[in-house]
Amino acid sequence: MSAKPSERDETLSGPDQRQFDWRRAYARRLIVTDVLVLSWVVFGVQIAWFGVDSEDVAFQGNESELAVSYTAISIILLTAWMISLSVYGTRESRVIGTGSQEYRLIADGALRLFGLVAIVAFLLQINLARGYVLIAFPLGLIVLSFSRWMWRQWLSVQRARGRYMSRVVLVGSSASVEYFAKELSRQPEAGYLVVGACVPGSEARAHTGAVSILGDLDGVREAMVATQADTVVITSSDDLPPERVRMLSWALEPGRQHLVVAPSLVDIGGPRIHTRPVANLPLIHVETPKYEGSKRFAKRAFDIVASGLGLALLSPLLAVIAIAVRLGSAGPVFFRQERVGYNGKHFEMLKFRSMVVDAEQRLIALQEQQRTEGNSVLFKMKDDPRITKTGAVLRRFSLDELPQLLNVFQGSMSLVGPRPPLAREVALYEQHVHRRFLVKPGITGLWQVSGRSNLTWDESVRLDLYYVENWSLTGDLLILWRTLRAVLGRDGAY
């Protein structure tokens, strides 16, 4: 006699039960905190607004009628907001944990709800207090986003421990499964735990990589059962014709097991990718990156405003650092160096001097020692003897980079972008690395917040090129926020 669904769930073994339940459990927790956050905002604004100023109250009558009326509106608004969060899929497992999609969906839902409230109020001639509405929506969006960010930090910690993860079986060629396993292990916060792979039979016998081979392409279903996996990721389709992929998707358990097909394209950001079904074919349209127009104007305008404010607000700190550098060791306050920037043009980059005056003369002797530290192009040495005591403190918190705000204001650099290289480094570049010069170099960038000085050259290039291909103003803001966290972190820079 077959077990009932509820009995079946209870009899599942540990990992399988956890993987089956974590999405719903996490979503339930988000629902609770979303209700608490929005209740605090909506009713808090109601109490604060009408307690201070009652002249904009639209409902006539005594105070008890007023309280009942706006309490009802607050309840309706709260309910509609919660429905909006569900309709826009802000608690779906595919958007939580990493990326900006979760925050964009929250913002889209709030903006559309705000527009709907305005339309309904206009059509029904409901004279809502403007301050009540104009404060509740932006405040709710900010506090709700912060709440989700806090949950994301918690989830990242759990995923670093191997919990709240999708258990993944990779399917494809030996080389492709190795590549995807490496990339997924690099970002555990994405929520994919690779438990093994299935590759063509001939490759399985010769495979020597780190991924555990569970069988050939005919044994995917058995591999999932053995590892209690809930997700199949097809990393290459050379040996998997469309009919075979479709049969594999039919063999998965609906609602519990998932199929992901990874395209051959890598390092392409989500906003450039659009899926469009044509003639029953799920075609993926990839927009070519744009380096001109309104996006570039917005980036430049943001650079001017932010660098100008930064120079004005940080001027006392800049003066203190200048005095400390001057008193710390003999030599000038600023270090000026020619770098290669936008479109390959050379410019003079400013930094607070953090090394001894003859640092460049000592460089050649140190470069041979650096080659053993994993970076043959970009010179970075953990215990560089040329750094002064004051310079070590400045570098630890990246304070030596602050004069580059002048470069940003003047236009030779941007706040966010690839690292500005030296001419001798450019001479060692492979051809594809020159794509870094399609945008202005930055004070900070994606590679700085993804490992800072501990990355290899290939990893630094990959991250810089990813930024060049997918940059956006929203992405720049996220990188600036991550830069602050990285600077204040345990390791800092060297």
Side-chain angles (χ1 to χ4, degrees), residues 267 289 291 334-387 391-392 394-395 398 400-408 410-471 479 483 486 491-494:
D267 291 338
Y291 303 107
F334 295 106
F335 174 71
R336 304 171 185 270
Q337 190 174 51
E338 187 177 84
R339 297 290 181 110
V340 182
Y342 178 55
N343 282 337
K345 296 179 180 179
H346 290 224
F347 71 98
E348 187 179 69
M349 188 184 75
L350 289 175
K351 296 177 69 174
F352 280 122
R353 184 175 58 84
S354 60
M355 293 186 176
V356 294
V357 177
D358 62 341
E360 289 298 304
Q361 286 71 34
R362 300 188 192 182
L363 178 62
I364 297 177
L366 295 173
Q367 282 180 325
E368 289 301 320
Q369 179 181 347
Q370 189 250 190
R371 297 189 191 283
T372 64
E373 300 192 8
N375 200 325
S376 60
V377 177
L378 179 63
F379 182 82
K380 284 284 183 179
M381 179 172 287
K382 193 170 185 64
D383 297 310
D384 194 328
R386 302 173 300 164
I387 299 177
L394 297 181
R395 287 195 168 203
S398 297
D400 59 321
E401 312 281 356
L402 290 179
Q404 291 167 36
L405 290 171
L406 291 169
N407 290 114
V408 174
Q410 171 262 335
S412 57
M413 292 181 66
S414 176
L415 288 175
V416 181
R419 172 189 172 274
L422 295 163
R424 63 171 178 267
E425 295 170 352
V426 176
L428 300 176
Y429 281 4
E430 298 178 62
Q431 184 59 38
H432 70 281
V433 185
H434 287 262
R435 291 188 65 81
R436 299 166 92 244
F437 303 130
L438 292 174
V439 298
K440 290 182 181 180
I443 297 179
T444 185
L446 188 57
W447 74 270
Q448 288 97 323
V449 299
S450 302
R452 293 179 70 75
S453 305
N454 301 314
L455 294 175
T456 65
W457 168 246
D458 289 339
E459 291 170 333
S460 300
V461 168
R462 184 180 67 85
L463 291 171
D464 271 346
L465 294 185
Y466 179 88
Y467 175 81
V468 170
E469 294 290 313
N470 303 285
W471 71 272
I479 290 174
T483 298
D491 297 327
Y494 57 82

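If you're wondering where the values come from, they're calculated on a predicted model, not measured in any experiment.
- Here the straight-line distance linking atom CD of Q404 with atom OG1 of T444 works out to 10.0 Å at 0.5 Å rounding.
- Side chain of N407 to main chain of E348: a donor-acceptor pair is present (N/O by atom type, distance under 3.5 Å, no hydrogens or angles).
- Annotation: F352 is not in aromatic contact with F335 [ring centroid separation under 6.0 Å not met].
- The minimum heavy-atom distance between I479 and V449, with the atom names listed, is O-CG1, 3.7 Å.
- One distance of note links CG of L350 with CG of D400; it measures 12.0 Å at 0.5 Å rounding.
- P418 pairs in a side-chain contact (heavy atoms from CB on, under 4.5 Å) with only one of the listed residues (D464, V461, L446), which is D464.
- Classified by interplanar angle (parallel below 30°, tilted 30° to 60°, perpendicular above 60°), the ring pair F437/Y429 is parallel.
- In terms of heavy-atom proximity, Y467 sits nearest to V416 at OH-O, 3.2 Å.
- Counting all heavy atoms, side chain and backbone alike, E338 lies closest to L422 at O-CD2, 3.7 Å.
- Here the CZ-NZ distance, from R336 to K351, works out to 14.0 Å after rounding to the nearest 0.5 Å.
- Heavy-atom minimum distance, G391 versus I387: C-CG2, 3.7 Å.
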Exercise. Which is it for L405 and L415 under the side chain to side chain contact (heavy atoms under 4.5 Å, CB included) test, yes or no, and what are the steps along the way?
Worked result: CA-CA 8 Å; L405 290 171; L415 288 175; 3.9 Å; yes
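- Shown here for G442 and P420, the closest heavy-atom pair between the two residues is O-CD, 3.7 Å.
- Side-chain atoms of R436 never come within 3.5 Å of backbone atoms of P441 as a donor-acceptor pair (strictly under, hydrogens ignored).
- The side-chain contact (heavy atoms from CB on, under 4.5 Å) test with R339 is passed by exactly one of E425, M413, M349, H346: M349.
- Of all heavy-atom pairs spanning V468 and R435, the tightest one is CG1-O, 3.4 Å.
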Exercise. Checking side chain to side chain contact (heavy atoms under 4.5 Å, CB included) for the pair V426/H434: CA distance, chi angles, key distance, verdict?
Worked result: CA-CA 8 Å; V426 176; H434 287 262; 3.7 Å; yes
